[in-house]
Amino acid sequence: MGPDSPLHIHFLGTNGWYDTVTGNTISILIETSSHFIILDAGNGLYKIDQYIKTEKPIYLFLSHFHLDHIEGLHILNKFKFPQGLTIVGQTGASDILNRIIDKPYTVPFSELPFRVDIQEIAEGHHSFPFSVQCRYLVHSSPTLGFRFNLDGRVVSYCPDTGYCKNAVKLAANADILIAECALKIGEKSAAWPHLNPETAARLAREAQVKQLALVHFDADRYRTLAERDEAQKAAQKIFPRVIATRDGMELKI
């Protein structure tokens, strides 16, 4: 895969809250010319070794610490990555993760068969071997959204959030916006902010993105894949270039 090759985006888990027949909890893998980038660590994380076959560096970006976004970390012991893994999260990530990924709950990071480094980042711009911007979104717990510049293309990831200006800024003119869609058509929740198909589509339209991919469908609300198709149709009335993802789907940009 060279610098002019497309980015490969694998949707490994597309559910929010818990696993069902429609899918695993949220985890997305992006393969670039020189890196693997994982977005959140729901139970879909167990599939990454189906795609990570080379020793390119691996970065895992955690948006926040709700269990459906980190529960897959207990699966890390099944992997053997000689290049190691870098986990990137908001301030406090090291203390939180080392408290949960530890005995008696699971195998601690220090006993995994590969090196794990945890790097904490604040809101703003950051230089890894690639460029990342992060901003806080609107949710019941502090949640970071991300904007990646990868091989000359922009990937925006806005997980658990209500509609907010920071999400619009992160998504501005992106090649693809990966945005959550936990709520059903017309549904709102001030106490536990999330997007519905219409608000996700309005976000994409205002940000003038090229493509919108909906993820993180609340498992209790979206009990069938047909309901995701309905969400896609509702969103397309506002922003035509939208797809409701499902586990196993791959997009190339």
Exercise for the section: Starting at CZ of Arg205, measure out to CD1 of Ile238 and round the result to the nearest 0.5 Å. Expected result: 6.0 Å
Problem - Donor-acceptor pair between Glu120 and Ser94 side chains, under 3.5 angstrom - result: no
Exercise for the section: List the steps, then state whether side chain to side chain contact (heavy atoms under 4.5 Å, CB included) holds for Phe217 with Ile26. Expected result: CA-CA 9 Å; Phe217 294 90; Ile26 187 77; over 6 Å; no
Please tabulate, for the side chains in residues 77-87, all donor-acceptor contacts under 3.5 angstrom to protein atoms that are two or more places apart in sequence or on a different chain.
from, atom 1, to, atom 2, distance (Å)
Lys78, NZ, Tyr46, O, 3.3
Lys78, NZ, Asp49, OD1, 3.4
Lys78, NZ, Asp49, OD2, 2.8
Gln83, NE2, Thr54, O, 3.2
Gln83, NE2, Lys56, O, 2.9

Exercise for the section: To the nearest 0.5 Å, tell me how far Leu39 CG sits from Phe148 CZ. Expected result: 5.0 Å
Handout entry: Test item: side-chain donor near acceptor, Thr22 and Asn15, under 3.5 Å
Key = yes
Practice task
Would you check if there is a donor-acceptor pair between the side chains of Thr14 and Arg228 at a distance under 3.5 Å?
Solution key: yes
Practice task
Return yes if a side-chain donor-acceptor contact under 3.5 Å exists between His10 and Glu31, otherwise no.
Solution key: no
Practice task
Please determine, by modelled atom types, if Tyr18 and Asn43 share a side-chain donor-acceptor pair under 3.5 angstrom.
Solution key: no
Practice task
Look only at the side chain of Arg223 and the backbone of Thr20, and say whether a donor-acceptor pair between them is shorter than 3.5 Å.
Solution key: no
Problem - Trp192 vs His66, ring pair (Phe, Tyr, Trp, His ring centres under 6.0 Å): CA-CA, chis, key distance, verdict - result: CA-CA 12 Å; Trp192 202 272; His66 281 162; 5.4 Å; yes
Practice task
Using modelled atom types only, decide if a donor and an acceptor are shared between the side chain of Arg153 and the backbone of Ile176 within a distance under 3.5 Å.
Solution key: no
Handout entry: Flag for His194-Glu180: side-chain donor and acceptor within less than 3.5 Å
Key = yes
Problem - Minimal non-hydrogen separation, Gly42 against Ser27, with atom names - result: N-CB, 4.1 Å
Handout entry: Working for ring pair (Phe, Tyr, Trp, His ring centres under 6.0 Å), residues Phe61 and Phe128
Key = CA-CA 12 Å; Phe61 286 81; Phe128 292 85; 5.5 Å; yes
Exercise for the section: Could you walk me through whether His35 and Phe130 pass ring pair (Phe, Tyr, Trp, His ring centres under 6.0 Å), step by step? Expected result: CA-CA 9 Å; His35 302 90; Phe130 43 87; 5.3 Å; yes
Practice task
Determine yes or no for a side-chain-to-main-chain donor-acceptor pair under 3.5 angstrom, with Thr199 supplying the side chain and Asn196 the backbone.
Solution key: yes
Practice task
Check the pair His64 / Gln90 against side chain to side chain donor-acceptor pair (under 3.5 Å), numbers first and verdict last.
Solution key: CA-CA 7 Å; His64 63 304; Gln90 60 188 273; over 6 Å; no
Practice task
Kindly indicate, with the supporting measurements, whether the criterion side chain to side chain contact (heavy atoms under 4.5 Å, CB included) is fulfilled by Asp151 and Ser5.
Solution key: CA-CA 8 Å; Asp151 292 348; Ser5 300; over 6 Å; no
Practice task
Decide whether His216 and Asp40 meet the rule of one side-chain donor and one side-chain acceptor closer than 3.5 Å.
Solution key: no
Practice task
Indicate whether any N or O donor in one side chain lies under 3.5 Å from an N or O acceptor in the other, for Asp102 and Thr106.
Solution key: no
Practice task
In plain terms, say whether Glu198 and Lys237 are close enough for a salt bridge, that is, a side-chain N and a carboxylate O under 4.0 Å apart.
Solution key: no
Practice task
Would you mind checking if Arg246 and Asp229 are paired as a salt bridge, meaning a charged N to carboxylate O distance below 4.0 Å?
Solution key: yes
Exercise for the section: Ignoring hydrogens and angles, state whether a donor on the side chain of Lys47 or Asn24 is under 3.5 Å from an acceptor on the partner side chain. Expected result: yes
Exercise for the section: Check the pair Tyr222 / Lys184 against side chain to side chain contact (heavy atoms under 4.5 Å, CB included), numbers first and verdict last. Expected result: CA-CA 8 Å; Tyr222 289 90; Lys184 297 293 287 290; 3.4 Å; yes
